[in-house]
Amino acid sequence: MLIEIKMEKQRYERPVIRRLNVGVMNKFGTRTEYEPVTHIDDNAVASLIKEHGSPLFVISEKTIRTTFQDALRAFNTRYPKVQFAWSYKTNYIAGVCNVFHQMGSWAEVVSGFEYLKALKSNVPGNKIIFNGPDKTVEELTLAIDNDSLIHIDHLDELYTLTELAIAKAKKPRVAIRVNMDTGIYPMWDRFGFNYENGQAWDAINKIVLADRLQLVGLHAHIGTFMLSPSAYGVAAGKLSELAIRVRDKFGRKIEYLDLGGGFASKNTLKGSFLSGPDTSPTFDDFAETIVTAIVNAGFLEDELPLLILETGRALVDEAGYLLGSVISNKRLSDGRRATIMDFGVNILFTAFWYDHKISPAQDFSHHTEDTVMYGPLCMNIDVVRENATLPPMKRGEHVVVHSVGAYNMTQWMQFIALRPAVVMIDMKGKPHLVRKRETLANIDEQEVLPEYLRAFKL
Ligand SMILES: *Cc1c(COP(=O)(O)O)cnc(C)c1O
């Protein structure tokens with residue numbers, strides 16, 4: 001009888017003597033990140049890459065919807081009037097924005113480009129919140145014509161807007177952005193008008209007394225990746241106090257308080273002792289302190305303002321994955337294993353701030369080792385992970401980087417390489433291409449080569 005034993009040949013790894021490196025430990029022991037992730041919402045990683053190339057961004061529509069519903073529930077169960085506005089700069093792929101719009105989110109934009117993008121996606125003008133310090137006269141004119149909510153950042157903008165209002169004989173709907181001490185430092189006092197030194201109250205008085213603009217709201221966006229719900233309690237309290245002062249002095253109602261965004265996602269900040277899922281507050285934590293501050297501020301029942309939230313990162317980070325492939329393995333001069341991937345900080349900008357969780361996308365042996373993960377750029381700062389505990393992976397094998405849905409698809413750069421495709425997996429598990437891979441033609445299209453530079457001889 002012939003017994004056939006089929007076994008894949010073991011991979012040979014050159015033996016090395018290595019110095020022990022102290023990895024980042026948490027109190028539960030060393031980080032273990034070696035469960036394979038072979039599928040995303042029922043789609044095999046290998047087949048997604050085969051179809052759309054590597055690297056590849058993948059977005060789970062299901063995760064967006066469940067995360068959004070969780071956030072909405074946290075606020076709706078505590079407060080009668082809540083409105084979310086999707087922060088375009090966090091991820092402005094049209095497919096992603098429209099999932100939020102389908103769930104009832106307005107648009108929150110911080111530039112003329114984003115404003116036009118929202119209009120083009122058929123967001124009604126009166127449901128676009130226009131933030132940011134740089135709004136041109138043309139952009140402000142467009143926003144007035146579309147009855148958008150213009151959040152004033154500085155006095156120069158206030159005066160420009162007033163001039164436009166006079167010229168057009170219209171009364172645009174505005175809010176002012178207020179910055180304040182919430183106990184979080186450094187303070188984001190470069191945006192808007194300061195609460196403590198009286199600038200905010202001064203701007204409010206100027207707007208109401210000049211009577212050319214309708215002051216409908218008060219806005220604060222106190223920071224990003226905020227781990228402290230109590231800071232939002234302070235912000236909500238100070239905005240409420242201003243609104244009540246407006247009522248008492250002018251007999252006018254402030255229709256909404258906009259508490260901005262900034263809630264932390266479940267990512268792990270570099271150098272933090274515990275992992276993100278253990279440290280990030282829940283939507284309930286944020287909702288509880290914000291709502292408590294507003295309902296206890298002294299509004300009468302029929303004058304409770306609408307509560308607007310512009311949260312971005314916390315709603316989309318976990319829904320995004322980056323799939324990539326191993327280019328090469330090598331040993332550094334100190335003996336550490338290094339793995340070079342086909343994606344780097346060019347498309348994974350958030351690798352500068354986070355220790356992204358990275359999972360192999362296929363089975364592997366359970367030997368793991370501290371690994372430096374590099375991107376493919378010819379730049380020393382192109383480090384995806386400084387120290388990850390990973391099994392050896394062969395050239396061509398795949399990994400899944402978790403929680404990349406926020407800011408990477410807007411801050412990515414076209415440096416050395418073209419940007420990859422983005423696929424969204426729908427509620428039934430069907431993948432849809434939502435952004436095509438860039439091509440050389442896309443880049444060439446923008447370039448203009450002067451006639452006299454066309455020809456050369458080498
Ligand atoms: C960036 C930004 C947001 C969203 O911030 P996240 O940290 O992604 O939640 C909301 N509002 C304003 C004004 C912003 O600039």
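First listed ligand is number 1; within each ligand, the first listed atom is number 1. Bear in mind that the values here come from a model prediction, so they are computed numbers and not experimental data.
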* **Short side-chain donor-acceptor distance under 3.5 Å, Asp355 and Thr268** =>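 No, because no side-chain N or O of Thr268 sits under 3.5 Å from a partner of the opposite role on Asp355.
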* Asked: Side-chain donor-acceptor pair under 3.5 Å between Asn194 and Asn179, yes or no?
  ->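 There is such a pair between these side chains.
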* NZ/NE/NH1/NH2 to OD/OE distance under 4.0 Å, Arg245 and Asp248 ->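 Result for this pair is no, no salt bridge flagged.
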* **Neighbour list for ligand 1 [protein residues, heavy atom under 4.0 Å]** => Ser87, Lys89, Thr90, Glu108, Val110, Asn131, Arg177, His219, His221, Thr224, Gly261, Gly262, Glu310, Thr311, Gly312, Arg313, Tyr407
* Least distance between heavy atoms, Ile93 atom then Lys117 atom ->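 It is C-NZ, 4.4 Å.
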* Nearest atoms (heavy-atom pairs only) where Val400 meets Ala361 -> CG2-CB, 4.2 Å
* For the pair Phe225 and Tyr354, name the ring-plane relationship: parallel under 30°, tilted 30 to 60°, perpendicular over 60°. => tilted
